[in-house]
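Just so we're on the same page: letters track the sequence lines, and every chain starts at 1.
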Protein chains: 2
Amino acid sequence: MSESQSEEFKAIRSPNLVDQVADHLTEAIIVGRFTPGERLSEVGLARSLGVSRAPIREAARLLESRGLLVSQPRRGFFVRALDAGELEDIFDLRLCLERHAMEHLAHACSAETLLALHRQVEVLCRAAASGSENRRIEEDLAFHRMMIAAVGNRRLLKGFDDLAHELRLCITLITKTHEDPDTIADCHHLLLDALASGEPARCREAIDYHIGVARDYVVSGVGESRQKSLAY
Amino acid sequence: MSESQSEEFKAIRSPNLVDQVADHLTEAIIVGRFTPGERLSEVGLARSLGVSRAPIREAARLLESRGLLVSQPRRGFFVRALDAGELEDIFDLRLCLERHAMEHLAHACSAETLLALHRQVEVLCRAAASGSENRRIEEDLAFHRMMIAAVGNRRLLKGFDDLAHELRLCITLITKTHEDPDTIADCHHLLLDALASGEPARCREAIDYHIGVARDYVVSGVGESRQKSLAY
DNA sequence: CGATTGCCGACTGTCGACAGTTTGTCCGGG
DNA sequence: CCCGGACAAACTGTCGACAGTCGGCAATCG
């Protein structure tokens with residue numbers, strides 16, 4: 001109760017231009033309004049958003065730390081362009097973090113956590129059925145975030161959140177068709193069953209498979225879209 | 001090689017006030033010139049460093065992303081104060097990253113890498129013998145960084161670098177005596193022998209033990225210094 | 001005497017402007 | 001036709017200043 005109150009207050013006290021600009025830029029990048037590698041003009045952004053350059057610069061620094069932008073001294077900020085190698089790296093790190101989480105949860109997963117995860121899978125399936133690619137991605141990430149959050153390690157969660165931004169960046173690269181809700185459900189129930197069993201080896205196998213599928217999904221998607229666009 | 005060159009260039013062509021301020025602040029925090037939780041005045045820092053507030057703010061954002069500072073809206077920046085829980089979290093994440101690296105290297109560790117790591121252990125021992133606590137810490141971190149770099153995953157390395165800043169922050173909390181160079185050497189040779197053996201299970205055991213020791217070293221040190229200062 | 005309210009100083013958030021650098025272009029020469 | 005250098009436009013890095021806000025202190029009221 002007092003928490004909801006404080007959150008409400010926090011919502012009020014957010015006239016932070018930096019955060020607003022950061023959110024705006026983040027969405028613009030995620031939905032692909034900028035092309036990868038594109039240079040961002042500080043003055044241009046400042047003019048188009050109706051603010052000064054200072055908030056732009058600070059927001060850009062923030063996004064740089066999240067891996068959405070890269071900066072070159074005296075040249076400005078560019079939207080991060082991922083090559084195949086970086087893509088592999090990102091999914092390898094994701095595997096690293098989620099393996100750790102799974103291993104921890106294998107022998108310390110409360111019934112409530114499992115229930116919450118089951119519910120999230122349902123939400124995810126509904127999102128997939130709705131046809132909105134964006135919502136499906138977000139709910140999928142939310143599931144994995146929930147799993148990692150259950151470990152109780154804030155630093156680990158922060159590491160995942162940072163990585164999640166780059167995962168979203170991966171998604172922008174691909175032009176993908178609809179994914180079957182049933183397949184998604186099965187794919188995630190495999191994880192939950194492994195967790196429920198409490199067997200570390202099975203958990204590891206499950207998460208390895210799950211993330212392997214996700215990686216293949218993205219790299220194949222990137223291949224297709226690259227073939228399609230014929231660029232570079 | 002090309003890496004050291006690019007770093008050298010970066011060092012040369014760095015009239016970047018932001019980076020300089022960031023380095024200055026980082027060192028000031030690491031050596032404990034600021035007390036944990038202390039509020040940093042932007043104007044004060046700007047005056048004392050002879051620069052404007054804009055570079056200060058951007059550098060502070062950078063350090064915030066590295067976990068050295070925390071910001072409260074409308075209140076400014078504070079040096080991060082770690083509690084026991086966060087300390088556990090940090091070492092748990094370190095374990096997560098280094099386990100992953102060890103596992104990868106267990107069946108893909110070149111002879112050159114092993115040689116380079118052996119040399120780094122020697123450097124580390126010399127640093128320990130020199131009596132400079134700071135140099136010992138840095139060379140120790142350099143060893144682990146080198147190990148993770150050998151995996152070839154840049155994103156993983158970045159994750160470690162971010163974490164390394166927080167590890168340094170942990171170190172500032174403890175007031176510790178000299179550590180025996182021989183012990184340090186043994187401790188690290190255990191890792192190298194495990195790597196050389198190529199047995200994943202042994203590698204995992206070695207890194208678990210190694211980081212467990214490091215964590216105990218820090219938490220016990222924190223306990224002592226806290227007892228000593230009687231604060232809070 | 002304790003709690004509340006209004007005020008004051010200090011600080012952060014934001015802005016517009018200036019200086020130095022980079023980039024693209026145009027011109028002349030080979 | 002291609003190449004190199006100089007010029008100009010645009011941009012980034014940095015600065016000083018103004019406005020809104022926060023925390024603390026004192027005066028006031030119950």
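With salt bridges taken as basic N to acidic carboxylate O contacts below 4.0 Å, none links B:R66 and B:E166.
Sorted by residue number, the members of residues 37-48 of chain B with any non-hydrogen atom under 4.0 Å from DNA chain C read B:R39, B:L40, B:S41, B:E42, B:V43. For the segment residues 53-63 of chain B, the set of residues with a heavy atom within less than 4.0 Å of an atom of DNA chain C comprises B:R53, B:R57, in numerical order.
To the nearest angstrom, C1' of C:dG24 lies 19 Å from CZ of A:R74. For the pair A:L17 CG and C:dT12 P, the computed distance is 17 Å after rounding to whole Å. In this structure, B:N16 atom CG and C:dT21 atom C1' are separated by 12 Å, rounded to whole Å.
Between the side chain of B:N153 and the backbone N or O of B:R155, at least one donor-acceptor pair lies under 3.5 Å.
Where B:G76 and A:R75 each meet DNA chain C at their nearest nucleotide, the meeting point lying more 5' is that of B:G76.
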List, with names and distances, any nitrogen or oxygen atoms from the protein found under 3.5 Å away from nitrogen or oxygen atoms belonging to nucleotides 6-9 of chain C.
none

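Residues B:I207 and B:L95 approach most closely at O-CD1, 4.1 Å, considering heavy atoms.
Side-chain contact check for B:D92 and A:H100: at least one donor-acceptor pair (N or O, by modelled atom type) lies under 3.5 Å.
Note that the CD atom of B:E42 and the CZ atom of B:R53 stand 4.5 Å from one another [nearest 0.5 Å].
Residues passing the side-chain contact (heavy atoms from CB on, under 4.5 Å) test with B:C109, sequence neighbours excluded: B:L105, B:T113, B:L114, B:L195. Remark: B:R215 engages B:E88, B:F91, B:V219 in a side-chain contact (heavy atoms from CB on, under 4.5 Å) (not counting sequence neighbours). With sequence neighbours excluded, the residues satisfying salt bridge (Lys or Arg N to Asp or Glu O under 4.0 Å) with B:D161 are B:R145.
Within the 6.0 Å centre-distance limit, the rings of A:F143 and A:H188 are counted as a close aromatic pair.
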| field | Candidate pair B:L163 and B:L93, rule side-chain contact (heavy atoms from CB on, under 4.5 Å), full reasoning | value | CA-CA 8 Å; B:L163 195 64; B:L93 180 56; 3.9 Å; yes
